[in-house]
S.K.: 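Here it is, the structure in full.
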Amino acid sequence: MDFPIFHLDGMGNRMLIAVIAILHVLINHGLAVGAMPLIAFLEWRGIKTGDRRWDDLAYRFLFFCFIITTTVGALTGVGIWLSASLVNPYSIGSLIRIFFWGWFLEWIIFVTEVVLILVYFLTWKKWIGEQKEKHNRFGWALGIFSWITMALIVAILAFMMNTGDWKNKPSLWVAFFNPLYLPQLSFRTPLALVTAGLLGMFLTYFMIRNDRDFRNQALQLFSKWVIFFIPPLVLGAWWYWSSVPRAMTGHLATALTTMGFTEWHEHLIKGSMVGILVIAGISLLSLWKPNRVPRFAVLLPFVITLVLLGYFERIREFIRKPYVIPGYMYSNTYRLEDYPLLQKEGVLAHSTYSVVKNSKEITGANQVQAGRDVFMLTCTRCHTSNGMNGVTAKFEKMLGKGEWDREVVANYVENMHGSRTFMPPFPGNADELKALAAYLSQLRQNPEKSLGSQNEGIYGVPSKDFNLTLNPQ
Amino acid sequence: MKPETAAFAPIPHDLTLPLPVPREILLVLLIVSFMAHLLFVNMMVGGSFLTWIFEFIGVRKKSKAWDSLAHLICQTITVNKSLAVVLGVAPLLVINVAYTIHFYSANALTGFAWILIVPCVIVAFLLTYAQKYFWDPLENRKGLHLVIGGGASLLFLFIPLIFLTNINLMLFPERWAAVRGFFSALLLPNVVPRYIHFLLASFAATGLFLVWKTRRGEFVEVESFPEFSRDRLIRRFYKITFHATLVQLGAGVLVFFTLPTHGVTLKVAGTIFTGVLFVFLLIYLLKKEVESSPEEIGKRWGKITTIFTVVVLFMVSGRHLYREESTRWHREAMAAKTAEFIKQSEVARVAFEKSGGGLLNDPMELGKVTYKSTCSACHQAAGQGLPGAFPPLAGSEWVNDADPGKVIRIVLNGVQGPITVKGTVYQGVMPSHKDLLDDRKVAAILTYIRSSWGNQGGAVKPEEVAKIRAEVSSRASAWTEAELGHPSK
């Protein structure tokens with residue numbers, strides 16, 4: 001990766017993206033894709049029954065969703081771009097080049113969605129009487145566009161994880177035939193609808209304050225909505241869950257064998273079952289005894305949904321490993337086809353931002369520094385030194401707390417991808433491997449924090465030039 | 001100073017994938033989408049300031065009229081901000097593609113500030129909503145309400161500075177080496193003048209926007225106040241644009257002359273100065289409009305807005321040409337380096353394929369190679385294992401067992417500690433290799449380890465592996481020592 005390297009050594013770079021992305025997915029699913037049809041349904045019910053209270057409820061619900069989606073929702077969406085491109089410019093830059101028109105189409109649909117929600121929300125109190133039905137149709141249209149946005153994004157995500165066939169078949173249509181596409185979509189759609197219903201149940205307490213009778217009616221309606229979508233949710237989750245390993249063995253052949261994955265996979269099915277049972281239980285209780293449900297109980301399934309969603313996204317990301325773009329680029333951001341060159345001449349020789357410029361310059365004295373450079377270039381996109389997913393902890397687990405033999409460390413790094421198949425092969429040459437091992441083994445005794453460009457500036461400024469001024473004349 | 005002669009100017013290599021569309025199309029897309037984005041950003045920022053200022057005047061003068069006007073302007077901010085965000089995604093996407101290295105490098109160098117954009121904008125937007133929807137509930141607590149609106153305005157003041165700093169920083173790779181985070185990048189020439197330029201433009205654009213709103217009758221609510229009759233309102237808004245544009249003349253000169261000169265070519269200067277000619281025309285028209293009679297005022301809005309757009313188009317184009325010119329040397333140097341890299345990579349790849357293409361037919365050779373890549377990370381190069389972590393294979397009773405069935409099972413499904421090897425108990429877990437290695441490779445590895453380092457286990461045939469693989473095909477979990485049974489020597 002030939003960029004100044006942004007690096008968060010504590011929380012780890014991936015955590016930054018994950019926090020932003022999960023928040024975004026939750027809001028997108030629950031408050032847009034799921035909530036818009038629910039709100040249009042409430043409005044429609046108001047029209048049919050002539051009971052103004054349904055219309056008020058729908059408006060209040062929309063108000064909440066409008067505020068959150070146009071602030072946290074929209075900005076976390078942009079935030080995925082900002083964080084992913086900070087952490088991994090080479091891969092995100094390449095992905096944008098490959099999927100340029102896919103993203104462009106996505107953007108156009110996104111603009112439509114935002115315009116529709118503005119219209120739907122801002123005309124609520126204006127388009128009344130004869131115009132009410134037209135207004136309601138906008139609500140349904142908004143629901144459909146929110147769903148299309150998700151369907152398209154899921155396709156792009158699925159496509160990105162495809163066998164690496166994008167080079168031969170660069171049509172986005174291929175994405176829709178990805179083995180994971182339909183399972184994912186049929187999981188996410190009912191999940192979004194259920195989440196929206198749960199949110200409605202929770203918000204009912206705040207949206208209807210005094211009219212207890214109507215509050216119970218609303219609770220029961222939301223419960224019915226949730227219960228109605230539980231069977232498709234179970235089916236969708238089951239389909240997705242059972243197609244993940246197949247998709248993985250399909251193109252990676254290996255990831256299934258990793259312990260970590262097997263563990264996740266098991267946790268996931270157990271977690272999903274518990275989650276869905278809790279959701280169903282609370283919904284049934286609200287249906288029968290709406291007065292008996294403590295208001296924060298409905299938050300519980302909401303939290304479970306959040307955790308499950310996080311798990312699913314984690315797995316989705318895991319499927320890619322050891323690649324970031326299958327068949328083209330490893331997760332360390334080095335391209336497969338450059339490996340022969342890099343493993344011969346070294347990564348330092350081809351990086352602009354390193355203190356040691358070439359593996360030929362590595363002497364005993366600067367070996368640790370060279371190793372630090374190699375670590376920054378080849379490991380830090382996923383690992384930290386001592387923080388989240390830290391290398392120190394990984395080696396401690398294998399080699400214990402004593403001193404680590406450099407040769408053992410080097411041997412491990414050189415060959416780990418053979419059995420830890422989620423790891424990419426080490427891209428550097430033999431001298432760099434030794435330097436990396438020297439750096440890693442001294443990390444135990446000397447737990448330094450590795451800092452990124454945002455703190456230290458760019459690497460590899462020759463020391464005699466270190467006192468550069470910003471505005472030389 | 002020529003940038004090429006800077007003390008340290010990094011020349012990285014670029015992405016090797018081709019651009020998805022010709023660069024010219026990207027650049028047109030960039031300018032068009034950026035202008036649309038900027039328009040709404042300007043109206044959002046200008047609207048936020050004017051709302052606050054007018055509300056403040058309302059409080060000071062105890063005037064319901066000013067307060068109502070502020071409230072009306074406040075309604076526009078949230079719509080403009082939603083469009084500003086959604087329209088901002090396109091230029092972000094395009095600049096990523098057209099200036100990949102420059103844009104991303106600048107982002108990384110100011111990383112914390114750059115990612116702070118996300119929470120800052122969220123808070124600013126939430127405050128704007130609070131300002132809008134608590135206007136009436138906080139009627140009697142104006143101080144608190146002004147703090148909310150002021151918070152939003154201050155954030156709107158800060159956020160564009162991050163963007164400006166970054167898109168300025170990206171133009172000057174020759175200075176990247178001296179940058180230590182956002183605040184030092186802020187000190188580069190041109191950042192502050194350009195920021196002032198942007199703020200003035202926000203007021204100018206918002207003035208015209210509000211004239212449009214007034215003429216459409218959207219401010220009819222306040223027109224009953226004598227000081228805000230329609231013509232007076234229009235005049236007031238026009239004056240905002242007029243004064244902002246007058247000051248802009250001075251600010252513009254400052255912006256132009258603080259530009260590092262290596263990017264200022266005749267084309268850049270020509271484009272900008274043509275724009276300036278239109279600014280004079282704009283000022284002339286605005287002056288006439290401000291001075292015209294109550295019946296006449298507002299009629300030149302279309303003409304003025306057209307000229308305003310032309311000015312913006314020239315300025316944005318001039319700015320764009322400057323971006324191209326100032327980075328030209330660097331983009332060319334980078335392209336040369338990238339081409340060289342692609343060539344070197346190709347040569348190395350061909351050589352590698354020629355040398356390593358031979359098929360490994362001999363099981364011992366295949367076993368040795370596969371052992372190294374698959375097993376040696378843990379069991380070490382000479383099968384000696386690692387005390388306390390990984391059991392040895394050399395001299396292991398499991399490996400030397402006359403019947404290879406147990407080791408075949410272990411390789412296929414993995415094994416879960418505790419397991420005793422050569423009298424020592426190991427606690428680790430060995431992963432399954434079922435999907436990773438075919439029968440031939442499992443047999444080759446086992447043949448290799450059973451005949452190396454003093455081991456005497458003997459060869460294993462692929463058929464033996466196939467037989468056991470079929471037997472255990474439904475098993476997913478790792479073996480335990482109890483299930484396998486410790487091999488008795």
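Order of the sequence lines fixes the chain letters, A, B, ..., with proteins taken first and strands second; residue numbering starts at 1 for each chain. Since this is a predicted model, take the numbers as computed values, not measurements.
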S.K.: Tell me, for B/V350 versus chain A, whether the close heavy atoms (under 4.5 Å) come from the side chain, the backbone, both or neither.
M.R.: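 When you check distances to chain A, no heavy atom of B/V350 falls under 4.5 Å.
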
S.K.: Is the shortest heavy-atom distance from the side chain of B/I115 to the side chain of A/S83 under 4.5 Å?
M.R.: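 A side-chain contact exists here, since the closest heavy-atom pair is under 4.5 Å.
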
S.K.: Kindly say whether B/G181 contributes a backbone atom to a donor-acceptor pair with the side chain of A/N455 at under 3.5 angstrom?
M.R.: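 Pair absent, no side-chain N/O of A/N455 close to backbone of B/G181.
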
S.K.: Tell me, side chain or backbone of B/P18 under 4.5 Å from chain A's heavy atoms, or both, or neither?
M.R.: backbone

S.K.: Looking at every non-hydrogen atom in both residues, tell me the closest pair between A/N411 and B/A381 and how far apart they are.
M.R.: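 Reported closest heavy-atom pair: ND2-N, 4.2 Å.
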
S.K.: Where on A/V111 is there a heavy atom nearer than 4.5 Å to chain B: the side chain, the backbone, both, or neither?
M.R.: both

S.K.: Which bit of A/L8 comes within less than 4.5 Å of chain B, counting heavy atoms only: side chain, backbone, both or neither?
M.R.: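 Side chain only.
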
S.K.: Identify the two heavy atoms, one from A/Y90 and one from B/D14, that lie closest to each other, and give their separation to 0.1 Å.
M.R.: OH-O, 3.5 Å

S.K.: Pick one of side chain, backbone, both or neither for A/I108, based on which atoms fall under 4.5 Å of a heavy atom in chain B.
M.R.: neither

S.K.: With only heavy atoms counted, which part of B/I342 is less than 4.5 Å from chain A, the side chain, the backbone, both or neither?
M.R.: neither

S.K.: How long is the gap from CG on A/D405 to CD on B/Q380, to the nearest 0.5 Å?
M.R.: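 Answer rounded to 0.5 Å: 8.5 Å.
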
S.K.: Can you measure from CZ (A/R335) to CG (B/L15) and round to the nearest 0.5 angstrom?
M.R.: 9.0 Å

S.K.: Report yes or no: does A/D2 contribute a side-chain atom to a donor-acceptor pair with the main-chain N or O of B/P12 at less than 3.5 Å?
M.R.: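 No; zero donor-acceptor contacts below 3.5 Å.
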
S.K.: Could you check whether atom CZ of A/F145 has more than 12 heavy atoms from other residues, nucleotides or ligands sitting under 6.0 Å from it?
M.R.: no

S.K.: Kindly give the heavy-atom pair with the smallest separation between A/Q454 and B/G111, and that separation in Å.
M.R.: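 Closest approach of A/Q454 to B/G111, heavy atoms only: CB-N, 3.6 Å.
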
S.K.: Is it the case that over 12 heavy atoms from other parts of the model lie below 6.0 angstrom from the CD atom of B/E340?
M.R.: yes

S.K.: For the atom pair CG (A/N88) and OH (B/Y104), what is the distance rounded to the nearest 0.5 Å?
M.R.: 9.5 Å

S.K.: Flag the one option from B/T16, B/L87, B/T78 with the top tally of heavy-atom pairs under 4.5 Å to chain A.
M.R.: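 Ranked by contacts with chain A, first place is B/T16.
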
S.K.: To the nearest 0.5 Å, tell me how far A/M416 CE sits from B/S376 OG.
M.R.: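 With rounding to 0.5 Å, CE (A/M416) is 12.0 Å from OG (B/S376).
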
S.K.: With side-chain contact (heavy atoms from CB on, under 4.5 Å) as the criterion, how do B/L386 and A/V408 come out once you've worked through the C-alpha distance, each side chain's angles and the decisive distance to 0.1 Å?
M.R.: CA-CA 9 Å; B/L386 206 61; A/V408 171; 3.6 Å; yes

S.K.: Is a side-chain donor or acceptor of B/R349 paired with a backbone partner of A/P340 at a separation under 3.5 angstrom?
M.R.: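 Not confirmed, B/R349 side chain does not pair with A/P340 backbone.
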
S.K.: To the nearest 0.5 Å, tell me how far B/C378 SG sits from A/N415 CG.
M.R.: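 Here the interatomic distance stands at 9.5 Å.
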
S.K.: Please test B/W114 against A/F6 for side-chain contact (heavy atoms from CB on, under 4.5 Å), starting from the C-alpha separation and ending with a verdict.
M.R.: CA-CA 11 Å; B/W114 185 242; A/F6 174 88; over 6 Å; no

S.K.: Which residue out of A/K344, A/H7, A/H350 racks up the most heavy-atom pairs below 4.5 Å with chain B?
M.R.: A/H350

S.K.: Quick one: which of A/P89, A/P425, A/G400 has the most heavy-atom pairs under 4.5 Å with chain B, could you say?
M.R.: A/P89

S.K.: Between the side chain of A/W81 and the main-chain N/O of B/V89, is any donor-acceptor distance below 3.5 Å?
M.R.: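 Flag not set: sc A/W81 to bb B/V89 has no pair under 3.5 Å.
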
S.K.: Start with the C-alpha gap between A/T352 and B/I11, add the side-chain angles, then the distance that decides, and say whether side-chain contact (heavy atoms from CB on, under 4.5 Å) holds.
M.R.: CA-CA 7 Å; A/T352 310; B/I11 311 288; 5.7 Å; no

S.K.: With a 4.5 angstrom heavy-atom cut-off, could you sort out which part of A/I67 is near chain B: side chain, backbone, both or neither?
M.R.: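 Both parts, backbone and side chain.
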
S.K.: Among the options B/E346, B/K337, B/Q344, B/K81, pick out the one with the most heavy-atom pairs lying under 4.5 Å from chain A.
M.R.: B/Q344

S.K.: Just so I know, are the side chains of B/L19 and A/F100 near enough to count as touching, which here means a heavy-atom distance under 4.5 Å?
M.R.: no

S.K.: Looking only at heavy atoms and a cut-off of under 4.5 Å, which of B/A113, B/P20, B/G88, B/A348 has the most pairs with chain A?
M.R.: B/P20

S.K.: Less than 4.5 Å to any heavy atom of chain A: does that hold for the side chain of B/L127, its backbone, both, or neither?
M.R.: neither

S.K.: How close do A/G79 and B/V118 get, heavy atom to heavy atom, and via which atoms?
M.R.: CA-CG2, 3.6 Å

S.K.: Can you confirm if the aromatic rings of A/Y339 and B/F352 lie within a centre distance of less than 6.0 Å?
M.R.: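 No; A/Y339 has its ring centre 6.0 Å or more from that of B/F352.
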
S.K.: Would a 4.5 Å heavy-atom cut-off, applied to side chains only, mark A/L118 and B/L83 as touching?
M.R.: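 Side chain of A/L118 against side chain of B/L83, heavy atoms only: contact under 4.5 Å found.
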
S.K.: Shorter than 4.5 Å, heavy atoms on both sides: which option in B/L109, B/T100, B/V97, B/T370 has the most such pairs with chain A?
M.R.: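 When all of B/L109, B/T100, B/V97, B/T370 are compared, B/L109 has the most.
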
S.K.: Is it the case that over 12 heavy atoms from other parts of the model lie below 6.0 angstrom from the CZ atom of A/F104?
M.R.: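 Yes, the 6.0 Å shell around CZ holds more than 12 heavy atoms from other groups.
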
S.K.: Could you tell me which of B/F341, B/F172, B/W176 has the largest number of non-hydrogen atom pairs under 4.5 Å with chain A?
M.R.: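 The candidate making the most pairs under 4.5 Å is B/F341.
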
S.K.: I need the B/L17 CG to A/I96 CD1 distance, nearest 0.5 Å.
M.R.: 11.5 Å

S.K.: Go through A/L82 and B/L92 one step at a time and tell me if the side-chain contact (heavy atoms from CB on, under 4.5 Å) criterion holds.
M.R.: CA-CA 9 Å; A/L82 297 188; B/L92 186 68; 4.1 Å; yes

S.K.: Is atom CE of A/M15 surrounded by more than 12 heavy atoms (other residues, nucleotides or ligands) closer than 6.0 Å?
M.R.: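 Count not over threshold, so no.
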
S.K.: Please state whether the side chain, the backbone, both or neither of B/N96 comes within less than 4.5 Å of a heavy atom of chain A.
M.R.: side chain

S.K.: Determine the option with the most heavy-atom pairs under 4.5 angstrom with chain B, choosing from A/G77, A/G93, A/S351.
M.R.: A/G93

S.K.: Which heavy atom of A/G457 sits nearest to which heavy atom of B/R180, and what is that distance?
M.R.: CA-NH1, 3.7 Å

S.K.: For A/E407, I'd like to know if atom CD has over 12 heavy atoms of other residues, nucleotides or ligands within 6.0 Å.
M.R.: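 Counting neighbours around CD of A/E407, 12 or fewer heavy atoms of other residues, nucleotides or ligands fall under 6.0 Å, so no.
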
S.K.: Under 4.5 Å, counting heavy-atom pairs only, tell me which of B/F112, B/F125, B/F103, B/F182 racks up the most with chain A.
M.R.: B/F112

S.K.: So what's closer than 4.5 Å to chain B heavy atoms on A/I117: side chain, backbone, both or neither?
M.R.: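 Contact with chain B involves no heavy atom of A/I117 at all.
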
